[in-house]
Amino acid sequence: MRIREDTAKYLRNLDPNSAPYDGKSRTMKDNPNPHLAESDQIFKGDNFAKVSGDFFANMKTEAFMYEANRTGEAQLNNVAMPS
């Protein structure tokens, strides 16, 4: 959900050779303004979230869960994570 004051992804760069926007899924996977300085970029593309934060830690946890379930060692899931 987007706030009305926010600029839509497809309006960030109107160059026809810019990053493609998929209207069905409302995603722009590539960076629409790669020529701008890092500090000037407000939106870096939807794939940016997949290479930052806890994404790799989550993928490692899911791989461990899948392997444990496949070998029959335990019945695990990635939803119930006790703290």
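The side chain to side chain contact (heavy atoms under 4.5 Å, CB included) search around Thr71 returns Glu67, Glu73, not counting sequence neighbours. Residues that satisfy the side chain to side chain contact (heavy atoms under 4.5 Å, CB included) test with Ala37, not counting sequence neighbours, are Ser39, Asp40.
Taking CZ of Phe64 as the start and CG of Asn69 as the end, the distance is 9.5 Å to the nearest 0.5 Å.
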